[in-house]
Amino acid sequence: MQIDDLEGAKRAGDLFGYPLMVKSKRLAYDGRGNAVAKTAEDLSSAVAVLGGFERGLYVEKWAPFIKELAVIVARGRDNSVLCYPVIETIHKENICHIVKAPASIPWKIQRQATDIAYKAVSSLEGAGVFAIELFLTRDGQVLLNEVAPRPHNSGHHTIESCYTSQYEQHLRAVIGLPLGDPSMKTPAAIMYNILGEEEGERGFRLAHQLIGRALSIKGAAIHWYDKPEMRKQRKMGHITIVGSSLGNVEAQLNALLSEEGRDCQSAVQPCVGIIMGSDSDLPVMKDAARILDAFDVPYEVRIVSAHRTPDVMFRYASSAQERGVQVIIAGAGGAAHLPGMVASLTPLPVIGVPVRASVLDGLDSLLSIVQMPRGVPVATVAVNNATNAGLLAVRMLGVGNPDLLARMSQYQEDTKEDVLTKAEKLQREGWESYLNP
C-alpha cells in the first residue's frame, strides 16, 4: 500500500498489523531502501531513515517466512517462457549471502514456486531474464515477494551449474534466438557472495585470502568483479562450488569459511551410509566397506538400531539425503526391521543385507527384508552378502558418474580374467595338483 503521510502509514499499520515493512519505491536493493516498524511509534523513524515521504514510500504486510526462494525465468521475444530450478537464498543483514541450488524443499513446493514464477512473468511485458523472489511460510504457502527484470545475484550459480547460464539466456531472449536448456548439469551448487569485510586495503587482503583457499577446492569457480573501491558489505565477487550433493558442497563451503581455514579438500561427505543394528553385524558388513574402499567411494559406518534406538534411526534416515548420502546399505539379523524402516523415511535407495543369526540360518532376516509392503522398496542381496551390497551401491552411483561406471566395467573384466586363469590352470595341471599345489 502506498503511503503519503504519517496518518496513511498508521492506517496501513492498523490494516496489516506489526511488524510492518516500509520500503522506498526507488534505489532499493541489497537491503537498502527497507525499514521495519515494529510498532506504530516506530513509523516516524522508519520513514526518516528512508528519506521521507517525498522519496515515494509504500508498506508491505510482514511475511513470517521460514525460507527465501527464487526462480530465474526467461521469456523470449516469441513469448516462450522457461524456468530454472527453484533455489534457496540465505540473507545476512538484508544482503544475499548464500544461494543453494536446488532448494531443499518438497517437490510440491518446488512445483508451486515454479508455477507462481511462470505466472508472474507471463503477466508482464518484455523479453529477457527475470528473477522472481519468493517467501515460503511455515504452513506451506509460497508468497511472491519481488520481480527483478534482469540477470540476478540469485542466478550467478547458473554460469557453472546449468546448461545455459542466465547471461547467455538473457542474450538469447532479447536477440530473438531459441531459449536454451535451463536445467542443472550438476546435482548441486552453492554460491557464496564475497562481501567487503573491511574498508580499503585490509578488505582486499581478506578477500584475496579467501580466494586463495577457494582455488584449492575441487569444483569451485571464482568470479572477481575488479571493483576499484572496497567497502564494507559491498559485493566484490562470488564463489560457486558444484558437486555431487548439497551436503558435499555445503561442507566444502563451511571448510572454506572456517576461521582455521583448514584443508577444504578434506571436507568430502560420504556418498554411502553403511548402517547395522548391532556391532555383531560388523564382521559381515565390513565387506561392503572394503568394496567401497576399492572403488574410492567415500562412506560412513554407523550402528543404528530400529528397536533400541528408534529416535537415532529416524534422525539418520531423515537427514541422510541432506547430508549428501546417496545410497544406504542396511544390515540386520533376526526380525531385520532396519532396512524397511529406513526406506520408509528416506527417498534414497536402500540395500538390505540379511545377516545370519544363531538360528534359522538367516532365512528369517531374508524373508523379513524382501517382504516389504508396496511403496517401500528395499533392494535385497543374499544372506551375509555385503560384498554384493557394496557392488550394487557402486553401480547405482555409477549411473551419474562415468568414472565409477568405467571402474565397474574393469572390475567385471578382472573377475572374468581371474576365472579364466583358474580354469586354464585346472586344465593344465589336473584337479589333484590344483588342490595340492
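Values in this document were obtained by computation on a predicted structure and should not be read as measured data.
Counting heavy atoms from C-beta outward, L50 and R55 have side chains that stay 4.5 Å or more apart. Under the 4.5 Å side-chain criterion, counting only non-hydrogen atoms from C-beta, I87 is in contact with S154. A 4.5 Å side-chain heavy-atom check between R407 and D296 finds at least one atom pair inside the cut-off. Contact check for V327 versus L348: no side-chain heavy atoms found under the 4.5 Å cut-off. Using a 4.5 Å cut-off on side-chain heavy atoms (C-beta onward), H223 and H156 make no contact. Between K235 and K227 there is a side-chain heavy-atom pair separated by less than 4.5 Å. Side-chain contact check for M276 versus V301: some heavy-atom pair is nearer than 4.5 Å. Side chains of P149 and L124 form no contact here, defined as non-hydrogen atoms less than 4.5 Å apart.
Crowding of K61 atom NZ: a count of heavy atoms from other residues, nucleotides or ligands under 6.0 Å not exceeding 12. For CD of E198, the number of neighbouring non-hydrogen atoms (other residues, nucleotides, ligands) closer than 6.0 Å is greater than 12. Counting non-hydrogen atoms of other residues, nucleotides and ligands closer than 6.0 Å to CE of M396 gives a total above 12.
A side-chain donor-acceptor contact under 3.5 Å links D42 to the backbone of K38. D78 contributes a side-chain N or O that, together with a main-chain N or O of S80, makes up a donor-acceptor pair within less than 3.5 Å. The main-chain N or O of S365 is never found under 3.5 Å from a side-chain atom of S368 such that the two would form a donor-acceptor pair. Looking at S216, its side chain never comes within 3.5 Å of a backbone N or O of G212 through a donor-acceptor pair. In this structure, R302 contributes its side chain and I275 its backbone to no donor-acceptor pair below 3.5 Å.
T158 approaches Q166 most closely through the heavy-atom pair OG1-N, 2.9 Å. Smallest separation of non-hydrogen atoms from S305 and M313: O-CB, 4.2 Å. Considering every non-hydrogen atom in both Q112 and G140, the closest pair reads OE1-O, 3.6 Å. The shortest heavy-atom contact between L392 and A379 is CD2-CB, 4.1 Å. Contact between G324 and S245 at its shortest, heavy atoms only, is CA-OG, 3.1 Å. For V86 against V71, the heavy-atom pair with the smallest separation is CG2-CG2, 3.9 Å.
In this view, R231 and E199, E229, R234 satisfy the side-chain contact (heavy atoms from CB on, under 4.5 Å) rule, not counting sequence neighbours. With sequence neighbours left out, the side-chain contact (heavy atoms from CB on, under 4.5 Å) criterion links V284 to V353, V355, N384, A386.
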I'd like to know whether E250 forms a salt bridge (charged side-chain N to carboxylate O under 4.0 Å, His left out) with K100, so could you lay out the CA-CA distance, the side-chain angles of the two residues, the decisive distance to 0.1 Å, and finally the verdict.
CA-CA 9 Å; E250 284 186 272; K100 298 180 182 181; 2.8 Å; yes
Can you list the steps and then say if L345 with V342 is a side chain to side chain contact (heavy atoms under 4.5 Å, CB included)?
CA-CA 5 Å; L345 293 167; V342 170; 5.8 Å; no
The test is side chain to side chain contact (heavy atoms under 4.5 Å, CB included); show your working for M372 and T380 and say whether it passes.
CA-CA 10 Å; M372 288 299 106; T380 312; over 6 Å; no
Please test L136 against E88 for side chain to side chain contact (heavy atoms under 4.5 Å, CB included), starting from the C-alpha separation and ending with a verdict.
CA-CA 10 Å; L136 174 62; E88 179 185 356; over 6 Å; no
Would E168 and R172 count as a salt bridge (charged side-chain N to carboxylate O under 4.0 Å, His left out) if you check the C-alpha gap in whole Å, the side-chain angles of each, and the deciding distance to 0.1 Å?
CA-CA 6 Å; E168 178 185 337; R172 283 172 175 249; 2.9 Å; yes
Apply the test side chain to side chain contact (heavy atoms under 4.5 Å, CB included) to residues V22 and V59: give CA-CA distance (whole Å), side-chain angles for both, the deciding distance (0.1 Å), then the verdict.
CA-CA 4 Å; V22 187; V59 297; 4.1 Å; yes
When you look at K25 and Q2, which way does the side chain to side chain donor-acceptor pair (under 3.5 Å) test go after all the steps?
CA-CA 9 Å; K25 293 181 180 180; Q2 178 173 309; 2.7 Å; yes
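With C162 as the partner, the side-chain contact (heavy atoms from CB on, under 4.5 Å) test is satisfied by one option alone out of K185, H157, Q169: H157. Among the candidates I211, I217, L210, the single residue satisfying the side-chain contact (heavy atoms from CB on, under 4.5 Å) test with I222 is I211.
Look at R111 and D115 and you find a salt bridge, because one of the NZ, NE, NH1 or NH2 atoms lies within 4.0 Å of a carboxylate O, short of that distance.
From I116, atom CD1 reaches atom CG of N145 across 12.0 Å, with rounding to the nearest 0.5 Å. Separating the NZ atom in K92 from the CD1 atom in I98 is a distance of 8.0 Å, to the nearest 0.5 Å. Atom-to-atom distance recorded for N254:CG and I190:CD1 is 7.0 Å, nearest 0.5 angstrom. Note that CG of L338 and CD1 of I303 are 11.5 Å apart. Values are rounded to the nearest 0.5 Å. With values rounded to the nearest 0.5 angstrom, L246 atom CG is found 4.5 Å from S104 atom OG. With rounding to the nearest 0.5 Å, the separation of CD in E146 from CD1 in I132 is 9.5 Å.
Counting only residues at least two apart or in different chains, side chain to side chain donor-acceptor pair (under 3.5 Å) contacts with residues 386-406 are absent. Sorted by first and then second residue, the ring pair (Phe, Tyr, Trp, His ring centres under 6.0 Å) pairs involving residues 54-106 (not counting sequence neighbours) are F65-F135, H97-Y192. Residues in residues 372-392 take part in no salt bridge (Lys or Arg N to Asp or Glu O under 4.0 Å) pair, two or more places apart or across chains. Pairs of residues two or more places apart, or lying in two chains, that qualify as side chain to side chain donor-acceptor pair (under 3.5 Å) and include a residue from residues 125-142 are E133-H152, T137-D139, D139-Q141.
Side-chain atoms of S319 and R315 include no donor-acceptor pair closer than 3.5 Å.
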